[in-house]
Amino acid sequence: MAARLTLFVALVAGTSSAFAPLATGRRWAGRTLASSAAPSVSDAPSENPSVVQIDELSYFYGQVKVQIGEGFKPMTEVFNPSWRDDDEDKAPSNLCVVEVPMPLGMIIEETMPGSNDLLNDKIQVGEVKPGSNAEAAGIKKGDVLRAVTAQKLQPPAMGMSEDGVKILKAMYICDGNGFASAMSALATNSAANQGSGRVALVLERRAS
């Protein structure tokens, strides 16, 4: 593991201008499901859960729906599992969406090449501070941070008033985009950067 840094420090120091744009060409196809028991994205709640809710399934269901902010349409993304799917009776891992107030109070790490090549270049939770917002939300060490909500301020056109500033929101995919970019995307949600002070996370947890 490398590039350890507490989110509290980074989210105070981060600036929205450092936010890297969403990477293109990263919409992966998930496994085709024949089971009628697959959770329906259309039935996802109108608000993101405030506590981690993990449903351990017999297969990996990689589609998630994330509410990115009031007045914005929700976004849907498909992910592949970060662990090998070798068990026919149990998914290797499961996804969830959780929205957490900032500061999060956890340490994230960029994974390095190792025995599990599916985890390479992804972001994992290395530590959760006791009593933190992350702990209250049920986030655990080892969870993989697959995506976060992010925003970017679009300045008004030349000659327009400052009231013309637009806030653009998106779901930022962390996979393969580096530690610094993930931290910058997280920082755009802070009140210091005119964010809501809350961030929605797409987490993946290895099956027990």
Side-chain angles (χ1 to χ4, degrees), residues 7 19-85 90-102 104 106 108 111 118-119 121-125 128 133-134 136-151 168-177 181-182 185-186 188-189 195-196 198-208:
L7 289 185
F19 169 46
L22 283 169
T24 58
R26 298 199 65 84
R27 290 188 175 274
W28 299 320
R31 176 189 295 179
T32 300
L33 301 177
S35 171
S36 60
S40 172
V41 172
S42 62
D43 293 336
S46 57
E47 295 183 354
N48 297 314
S50 58
V51 177
V52 170
Q53 300 171 5
I54 296 288
D55 295 322
E56 295 207 350
L57 305 174
S58 58
Y59 49 81
F60 180 81
Y61 187 73
Q63 191 173 29
V64 295
K65 183 177 182 179
V66 180
Q67 304 294 336
I68 62 173
E70 185 177 355
F72 292 84
K73 292 182 178 180
M75 297 191 72
T76 302
E77 186 60 72
V78 177
F79 299 90
N80 282 339
S82 297
W83 286 272
R84 298 190 183 282
D85 195 354
K90 184 174 68 173
S93 56
N94 298 278
L95 295 172
C96 74
V97 177
V98 63
E99 187 168 316
V100 188
M102 300 171 75
L104 302 181
M106 67 185 191
I108 60 173
T111 59
L118 296 181
L119 270 176
D121 297 325
K122 291 183 180 174
I123 305 295
Q124 276 189 290
V125 177
V128 176
N133 290 325
I139 297 174
K140 295 183 179 180
K141 178 181 178 179
D143 288 346
V144 181
L145 187 62
R146 303 299 302 268
V148 304
T149 51
Q151 72 170 36
L168 306 179
K169 295 197 175 186
M171 181 162 58
Y172 181 83
I173 309 302
C174 297
D175 299 352
N177 287 319
S181 292
L186 281 164
T188 65
N189 297 281
S196 65
R198 302 178 64 86
V199 58
L201 313 173
V202 178
L203 298 174
E204 181 183 8
R205 182 172 296 172
R206 192 168 191 179
S208 55

Nearest heavy-atom pair of [X] and [Y]: which atoms, and what distance?
X	Y	result
Leu118	Pro81	CD1-O, 4.2 Å
Lys169	Gly69	NZ-CA, 4.1 Å
Val100	Ala137	CG2-CB, 3.8 Å
Asn189	Arg198	CB-O, 3.4 Å

Hey, does the side chain of [X] reach the backbone of [Y] with a donor-acceptor pair shorter than 3.5 angstrom?
X	Y	value
Thr149	Val199	no
Asp143	Val125	no
Arg146	Asn80	yes
Lys65	Glu77	no
Asn48	Gln67	yes

Residues Thr111, Gln124; criterion side chain to side chain donor-acceptor pair (under 3.5 Å); working and verdict: CA-CA 7 Å; Thr111 59; Gln124 276 189 290; 5.5 Å; no
- prompt: Can you find a side-chain donor-acceptor pair between Lys122 and Ser82 that sits under 3.5 Å?
  reply: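 A donor-acceptor contact under 3.5 Å links the two side chains.
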- prompt: Checking side-chain contact (heavy atoms from CB on, under 4.5 Å) for the pair Asn177/Tyr172: CA distance, chi angles, key distance, verdict?
  reply: CA-CA 10 Å; Asn177 287 319; Tyr172 181 83; 3.2 Å; yes
Enter the distance from [X]:[atom1] to [Y]:[atom2] here, rounded to the nearest 0.5 Å.
X	Y	atom1	atom2	value
Ile108	Leu145	CD1	CG	6.0 Å
Gln151	Phe72	CD	CZ	8.0 Å
Thr188	Leu168	OG1	CG	11.0 Å
Asn133	Ile139	CG	CD1	9.0 Å
Ile173	Ser181	CD1	OG	13.0 Å
Ile123	Cys174	CD1	SG	6.5 Å

Can you find a heavy atom in the side chain of [X] that is under 4.5 Å from one in the side chain of [Y]?
X	Y	value
Val64	Phe79	yes
Val202	Val148	no
Lys140	Leu203	no

field: CA sep, side-chain torsions, deciding dist, call: Glu56, Ser208, side chain to side chain donor-acceptor pair (under 3.5 Å)
entry: CA-CA 9 Å; Glu56 295 207 350; Ser208 55; 3.1 Å; yes
- prompt: When you look at Glu204 and Phe60, which way does the side-chain contact (heavy atoms from CB on, under 4.5 Å) test go after all the steps?
  reply: CA-CA 11 Å; Glu204 181 183 8; Phe60 180 81; 3.8 Å; yes
task: Please report the C-alpha distance between Tyr61 and Asn94 in whole Å, then the side-chain angles of each, then the deciding distance to 0.1 Å, and finally whether the side-chain contact (heavy atoms from CB on, under 4.5 Å) criterion is met.
output: CA-CA 7 Å; Tyr61 187 73; Asn94 298 278; over 6 Å; no
field: Residue that, paired with Cys96, satisfies side-chain contact (heavy atoms from CB on, under 4.5 Å) out of Val51, Leu201, Ile54
entry: Ile54
query: Would Gln53 and Val97 satisfy side-chain contact (heavy atoms from CB on, under 4.5 Å), going step by step from the backbone distance to the final call?
result: CA-CA 8 Å; Gln53 300 171 5; Val97 177; over 6 Å; no
